[in-house]
Number of protein chains: 2
Amino acid sequence: MSGKPVTSVDVARKAGVSQSAVSRYFTPGASVSKKMAEKIRVAAEELGYRPNVLARAMITGRSRIIGLVVYYLENQFYPEAVEKLSIALQENGYHVLLFMASNTVGDVEPVVQSILDYRVDGIILVSASMSSTLADRCKAQNIPVMLFNRDQPSQDLRAVTSDNVEGGRMAAGMLLKGGPKRIAHLAGFEGSSTQQQREEGFVAALAEAGHQLHSRAVGNYHYADAADAARELFDVPEPPDALFTGDDHMALAALDVIRIELGLRVPEDVAVVGFDDIPQAAWPSFNLSTVRQRMNVMVSTVVDELIAAVEGEDRPERKLRIAPVPVYRGTTRD
Amino acid sequence: MSGKPVTSVDVARKAGVSQSAVSRYFTPGASVSKKMAEKIRVAAEELGYRPNVLARAMITGRSRIIGLVVYYLENQFYPEAVEKLSIALQENGYHVLLFMASNTVGDVEPVVQSILDYRVDGIILVSASMSSTLADRCKAQNIPVMLFNRDQPSQDLRAVTSDNVEGGRMAAGMLLKGGPKRIAHLAGFEGSSTQQQREEGFVAALAEAGHQLHSRAVGNYHYADAADAARELFDVPEPPDALFTGDDHMALAALDVIRIELGLRVPEDVAVVGFDDIPQAAWPSFNLSTVRQRMNVMVSTVVDELIAAVEGEDRPERKLRIAPVPVYRGTTRD
DNA sequence: GCCAATTTTGCATACGATTGCAGAATTGCG
DNA sequence: CGCAATTCTGCAATCGTATGCAAAATTGGC
């Protein structure tokens, strides 16, 4: 029950040097003679000393903490993002303070507020947006913010997304190959940029091919809502024979309804295309054709940009769009 | 580009009071007169002041940060755990510093080491274990550690798990109702306590009913490994007609192989029971019978215990086991 | 071996808050 | 209104580390 953690002063005393020497030994760029370094190394090892990141943060003004805000983790896209972002940041010596902004917690505002209390070095908002007053606040405190998989009109906020308009066009192309008669769209949350852009590209490409939307329903990116929306679309006299869903998570819900509840055949009766390419899309039970977001590229891009911003570099590019990739599997006809 | 964040000194100056008064205003138990409180409130509001958590942590020795260690997030059980743990801790004024201990990062040791550098108030290891030297280190620094969904022989470490032996017995009971002839087990990672205990209960209950294992393979709690293991078990002349998998994630992989690859019928040819009751188990495509871990109870228990420990209370109970619940769906016969 | 140029080293201060202590202000009661 | 009891308030020290500055030690060239 020793309780007290070891400090640099303890190490200094034990090694017979000054506290500053110990500090310098643990600071990459500093100059320490070999003799001292060795004495300090030994003493530190014996005492099990490790520098206190919090104390260091007070002086340097860098906490090496990145605030990561996520709405929910039900859709497998998010756990994958969180895992990869976290690993990438860890590899760069940063760590992730995780904040859930789910409905149970309330709004994003207070959540971001409490992030700022921790004096994080930067913030990544995953599929979430930010009021401009809050964005101003971050800017005032010099804390870079990056949006991941979501964009916002505000010119100032940096964002990394897929090229969603292009992705929507791809989805249209994938469905059009099968010669569909009635094309439907199952939309995600209407307020999101991702939804708006994907639908925009989708509808535009349909129009160019002389088609228009047969029907449309909203699933808000949630499984249960999407299942309801699918019922609304398909449990009618003339159901669609092609469906583009705003993301894979909703596509899986739609497949469950279409095949299991309604007994329709995929892709013979209905072709389905999703968006994201989450791991489950590749599972044999679903075997979902989809538009892949290149997660690894998106993650390394956002981490790279954020760290550059944290370290004071001001890159000109604010909106980074990654090209998506069509993935043909078993839910489309050709 | 004001850069400098607002400090309590700024607020004090603006409000015409001492810095300590400002500090007291933001400290729940402290005494401040109404007049001062009002002046401070106004000044703080105008300047947008919020106390620096890091500075506070230095004095009080409490960072209000909890280190959360997770191996990976592919299995939906983990995102759900992370989400709920995070929310529960947020509600109690704590926040989560997330650490991935996946293979790409290497061992758990250095990860936990860097957690300690942040002077966290406590640590939750989700389905991970800890060397005893590291555990000693945490104890020396007075940092409580809780294991979640994993146990370890060491008497000292606190752990919250399901009653896995009992859960294994339940799984046996669920399969035995269907009058199986050949019962197989698809095991998770053999080094884990969860695996050992679930299998122990399962085999014991089979024995009591006059049965024994027909075959067994190892899936290490990974989708791909589990799919291979399922092929090993079922792509043979006399395949099993009942299967218990170490968790739901592997059960889904097994179902994909059994139904789609091999064309067997579930539950007519093979009955399947999983463990966890992850959200996907309830999806119509799987409709998996399983043994539910009561996530909400487990989460509130572990958070409750951890916070009690952080705040100095020393509860006697170290190993907390939550009773699991059988969930009958469409993959079992009766 | 001497002196200038270069490294190392320690001292002292700062970061932004909390908190014990003692004096100032307020309150309560006869 | 006076005095004791109580509540507020400010001063100053403290947490654990980083860092500018000046003194001490080392190095190098001749």
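Excluded from the calculations below are hydrogen atoms, water molecules and symmetry mates; all remaining heavy atoms, backbone and side chain alike, are included. To find a chain, count down the sequence lines: A is the first, B the second, and so on, and within it residues start at 1.
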Could you check whether any side-chain heavy atom of A:R137 comes within less than 4.5 Å of a side-chain heavy atom of A:L116, counting everything from C-beta outward?
yes

Just compare C:dG16, D:dT17, D:dG10 and give me whichever is closest to any side-chain atom of B:S18.
D:dG10

State, without any angle test, whether A:E109 and A:S131 hold a side-chain donor-acceptor pair at a distance under 3.5 Å.
yes

From the set D:dT17, C:dA17, D:dG10, return the single nucleotide nearest to any side-chain atom of A:A55.
D:dT17

Short heteroatom pairs, N/O only, protein and nucleotides 6-8 of chain D, under 3.5 Å:
none

Find the distance A:R13:CZ to D:dT17:P and express it as a whole number of Å.
12 Å

B:N52 CG to D:dT17 P, straight-line distance once rounded to whole Å:
17 Å

Rounded to whole Å, the NZ-C1' distance (A:K39 to C:dT9) equals 11 Å

Between A:F26 and A:Y49, what is the ring plane arrangement, given parallel below 30°, perpendicular above 60°, and tilted in between?
perpendicular

Atom-pair distance (CG on A:L54; C1' on C:dA17), nearest Å:
12 Å

Residues in ring-ring contact (aromatic ring centres under 6.0 Å, His included) contact with A:Y118, at least two apart in sequence or another chain:
B:H95

Is B:Y49 close enough to C:dA17 that one of its side-chain N or O atoms is under 4.0 Å from OP1 or OP2 there?
yes

Expressed as a whole number of angstroms, how long is the span from B:R64:CZ to C:dA17:P?
17 Å

Nucleotide N/O of nucleotides 19-28 of chain C paired with protein N/O under 3.5 Å:
from, atom 1, to, atom 2, distance (Å)
C:dG20, O6, B:R24, NH2, 2.9

I need the CZ-C1' distance between A:R62 and C:dC15, as an integer number of Å.
15 Å

Please determine, by modelled atom types, if B:Y71 and B:S127 share a side-chain donor-acceptor pair under 3.5 angstrom.
no

Specify the closest pair of heavy atoms between A:V310 and A:D121, including all atoms of both residues, with the distance to one decimal.
CG2-O, 3.3 Å

Does OP1 or OP2 of D:dT17 have a side-chain N or O of A:S8 closer than 4.0 Å?
yes

